[in-house]
Structure formats: C-alpha cells, structure tokens
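As structure tokens, the structure follows; a few thoughts come after it.
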Amino acid sequence: MAYFQDSQNAPQWVNRSLGFRKMYSFVLWLLTCGILLGFSISRLKHLDESRREKGLSPGEQYWLQTGRYRIGITMHLACILLAGILVPLQFIPQIRYKAILFHRVNGYIVIILIFVATAGALIISRRSFGGSMAIQAIVVCTSFATLAALTLAYVSIRRLQIDQHRKWMIRAMVWMSFIITARPFVILIAMAVTADGGYGNVWQCGEVEWVYTRGSGRKDTGEADFLSAYPSCVGAPPETLVAVKAAFRQSRVGSGAALREGFPAGMIVAWFIHVFGTECYLKLTKDETKRLRQFSLQRQLKRGFKSSGSAKPSSDRGGVSDSVPHSLKSGQVKRTNRGQDKVLDDTR
C-alpha cells in the first residue's frame, strides 16, 4: 500500500508525452496495455485466411473454413484485434485530459467492438479446441462476465459515477485480456499431459484426415498412414468418432489433442489470475476511488441529480459512501483535495 502512495515519480519524458506522474502507473500500463497492444498487432496477420490456420490449434480449421464458423472467427478476430489496439489509448492520462472527445468516442467504439467480437467467440465456441461442454461453459461464462462489466461501466458513466466507471472498465479490460495469459498455461498443461501419457480425447474422422492430408504447414504423413493409424475411419463417414492420444509436439494430431486437454484448465487458471489481480489493484488504489467518488458527487449535484452519490449499481446503493459526507447537498459542494476539483483518475 505504501508503495502505491509514495512511489517514485515518472521520468519527465513519460510525464510530458503520456501524462503518467508515477513510475508504477507507467510500468503497470506497459505490463497490461503494452502487452495487449503488442499481441493484437502481432495477430493482425491472421485476418488473412490463407495464414490463419497456422495460428489455430490443429484440426480447428477443418470447421472454421466454411459456414457460420468462418463468419464467427472472422467477426471475432477483426473486432477483438482492433479493440485490443484501441483499448490502451483509453488508459493514457494525456489523452483523457487533453482529448476528452476522442476518449469518449473511442470508448464507445471499443464497447461495440467487444460486443461483436464476443458474439463471434460464442459462435465458434462449439468447435474451438474441440468444443467440449467444458470449453463452451468457460467461453460463455467469461464472455458474459466481461459484457456485464462493460455494461456497468457504461451505465456508471452515464450516471456520472466516475469512480464506478473506472472500476468496471478496468475489470472489463483486464478480464477480456485473460486469453493472452492463458496461452503459456495451455502449453504447459499440454506438455504435462503428454508426459503423463494417459490423456486423450475424441475427434471426428474428418478432422483427423484433414490434419494428415490437407492441413497447412507440416503434414503428419499422408492418406496411407492416416488410414493405418486410424483403421476405424476406413470407409466410415467423416463424423465417425475416434480416440486421439495427447502427444504434444510428437505429431500434429497428437499436439491438437494435447492442446484440447490443456485449454480448459489453462483458461481457468488465467481467469483466476486476472480477476484476483484486478481486485488487488483496485484495493491498493482505493484512495483514488474515494477521490473520484467526491468528484462524481460534485458533478451530479451540478447536474441537479435528485439522488447524488454512487447510485445503482454500486457498493453504496441509494446514497454515498462514508468517504463522502451526506451533508453535501445542492448549493453546498465542497472543493476537495486542497482546492483541486479536477478529476485525477487511474492513479496516474
């Protein structure tokens, strides 16, 4: 807590160009928004369908190349990558203070993009990494949690609850980005299940044949070896189910099976880390929440709100918290922070 209150000032060039006054704020921005920005830019190449399969788990392109799944993956990638590029701009203090109109318009664009991207993710969840019920449940729960946080952030700012808007927007953006953190955990778990040797999952013959014979990149072997390895697929319909052993980096089919085993667990671990980390950050910066709550009260009273303070949805529903005196009514607005009434959010 003391570090967040008395941390070292940021270098002058950081303060002048980006607006960060504290070094820890700039470091946190780099570790969160910087990584999100870099990841999104590096994945823009997957908007090209001819290069997309190399970024997918083996076997996924079998489903995502046609029909509604092709539409879903295109929607998801196009919108979420653009959102990932625009989101870091929302957390640069210099933009919030000197380009407030851009901040607002960009915020609306980000919200719309994330809603559309989530719709695409829900469409492809049936086939993503095998599309098991566990995977679908994780995608649905995390998607609706993120959309709920975005909705609460929007409602809060419309009601001039700037403190609540900050908290819910930070939650939404950090939760949205958990898929980046999940990737190394998915690989580690895939390696672990391969070392154990007792894991596998069920594929359709059409998926296995695609990986062996028509998938891009290094093919396993060919049609003959596919039929030799999976004799139950000989003359069988493409939807016939076969067991595939998890064997990461031993074959493309085996790698796909290992990644399907690791994906649900990796997602859960990453989601917990992001949720826990977000709440820790908000707890450590509670002084900023109190300051923004006071500023919000002033704005609400100036607008003539009948019920000022952090109204629904918030922790002090129907009034203000103990950090803001209830005696502050219309005509009695007090200046806060030694006469400074300018909003200073996100502990810059």
Side-chain angles (χ1 to χ4, degrees), residues 36-37 39-87 106-151 154 172-173 175-180 182-183 186 201-211 213-217 237-239 241 252-253 256 259-260 263-264 266-267 270-271:
L36 175 62
L37 177 62
F39 179 84
S40 300
I41 293 175
S42 69
R43 293 301 183 273
L44 288 175
K45 61 185 178 182
H46 295 315
L47 293 176
D48 182 359
E49 292 189 25
S50 64
R51 305 171 66 184
R52 181 176 299 170
E53 185 182 354
K54 293 182 179 179
L56 299 174
S57 173
E60 281 188 307
Q61 185 65 7
Y62 174 77
W63 301 103
L64 302 182
Q65 61 183 330
T66 58
R68 68 178 185 272
Y69 299 121
R70 179 187 178 190
I71 297 174
I73 188 63
T74 302
M75 285 173 51
H76 178 69
L77 289 177
C79 293
I80 202 62
L81 293 180
L82 180 55
I85 294 173
L86 296 178
V87 162
N106 190 53
Y108 289 128
I109 293 174
V110 166
I111 291 175
I112 293 172
L113 287 173
I114 294 177
F115 267 83
V116 177
T118 302
L122 293 173
I123 291 173
I124 65 174
S125 63
R126 175 63 184 89
R127 300 301 180 186
S128 181
F129 286 88
S132 66
M133 289 303 299
I135 291 175
Q136 293 183 65
I138 292 171
V139 172
V140 169
C141 291
T142 56
S143 295
F144 279 99
T146 302
L147 295 185
L150 277 176
T151 302
Y154 173 79
M173 296 303 101
W175 294 355
M176 175 195 75
S177 307
F178 85 105
I179 188 64
I180 301 176
R183 297 173 74 89
V186 171
N201 39 67
V202 176
W203 291 42
Q204 293 189 12
C205 285
E207 293 179 275
V208 180
E209 183 182 12
W210 168 269
V211 175
T213 62
R214 290 190 291 273
S216 65
E239 61 271 16
L241 301 178
R252 282 176 54 80
V253 174
L259 291 172
R260 292 184 183 189
F263 189 70
M267 293 271 281
W271 177 258

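Only this structure's heavy atoms are used, side chains among them; waters, hydrogens and symmetry mates stay out.
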If you look at every heavy atom in [X] and [Y], which pair is closest and at what distance?
X: Thr118; Y: Ser143; result: CG2-CB, 3.4 Å
X: Met75; Y: Val116; result: CE-O, 3.6 Å
X: Leu36; Y: Gly84; result: CG-O, 3.7 Å
X: Ala149; Y: Ala172; result: CB-CB, 3.7 Å
X: Phe129; Y: Leu259; result: CD2-O, 3.8 Å

ask   = Are any of the side-chain heavy atoms of Leu150 and Met176 separated by less than 4.5 Å?
value =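 Answer no - side chains too far apart.
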ask   = Looking at side-chain heavy atoms only, is the closest gap between Leu147 and Phe115 below 4.5 Å?
value =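 With C-beta onward as the side chain, the pair touches.
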Just how far is it from atom [atom1] of [X] to atom [atom2] of [Y], taken to the nearest 0.5 Å?
X: Glu53; Y: Leu64; atom1: CD; atom2: CG; value: 9.5 Å
X: Ile85; Y: Arg43; atom1: CD1; atom2: CZ; value: 12.5 Å
X: Ile138; Y: Trp271; atom1: CD1; atom2: CH2; value: 11.0 Å
X: Gln204; Y: Trp63; atom1: CD; atom2: CH2; value: 4.0 Å
X: Leu77; Y: His46; atom1: CG; atom2: NE2; value: 8.0 Å
X: Glu49; Y: Ile73; atom1: CD; atom2: CD1; value: 10.0 Å

request  = Give the intermediate values and the outcome of side-chain contact (heavy atoms from CB on, under 4.5 Å) for residues Trp203 and Glu209.
outcome  = CA-CA 10 Å; Trp203 291 42; Glu209 183 182 12; over 6 Å; no
Are the side chain of [X] and the backbone of [Y] linked by a donor-acceptor contact shorter than 3.5 Å?
X: Ser128; Y: Ile124; value: no
X: Ser125; Y: Leu122; value: yes
X: Gln65; Y: Tyr62; value: yes
X: Arg51; Y: Lys45; value: no
X: Gln136; Y: Arg126; value: no

inquiry  = Looking at Arg260 and Glu207, is any side-chain nitrogen of the basic one under 4.0 Å from a carboxylate oxygen of the acidic one?
reply    =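 Yes, this pair counts.
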query = Should the pair Glu60-Arg252 be classified as a salt bridge under the 4.0 Å nitrogen-to-oxygen rule?
reply =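 Salt bridge flag = no for Arg252 with Glu60.
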inquiry  = Does Phe263 form a side-chain contact (heavy atoms from CB on, under 4.5 Å) with Ile135? I'd like the steps, not just the answer.
reply    = CA-CA 8 Å; Phe263 189 70; Ile135 291 175; 3.9 Å; yes
task = Hey, could you give me each pair passing salt bridge (charged side-chain N to carboxylate O under 4.0 Å, His left out) that has a residue in residues 109-118? Not counting sequence neighbours.
result =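 Sorted pair list comes back empty.
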Below 3.5 Å, can you tabulate the donor-acceptor pairs from side chains in residues 106-114 to any protein atom, sequence neighbours excluded?
{"unit_1": "Asn106", "atom_1": "ND2", "unit_2": "Leu86", "atom_2": "O", "d": "3.2"}
{"unit_1": "Asn106", "atom_1": "ND2", "unit_2": "Gln90", "atom_2": "OE1", "d": "2.8"}

inquiry  = Heavy-atom count check: over 12 atoms from other residues, nucleotides or ligands less than 6.0 Å from Arg70 CZ?
reply    =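 Result for CZ/Arg70: open.
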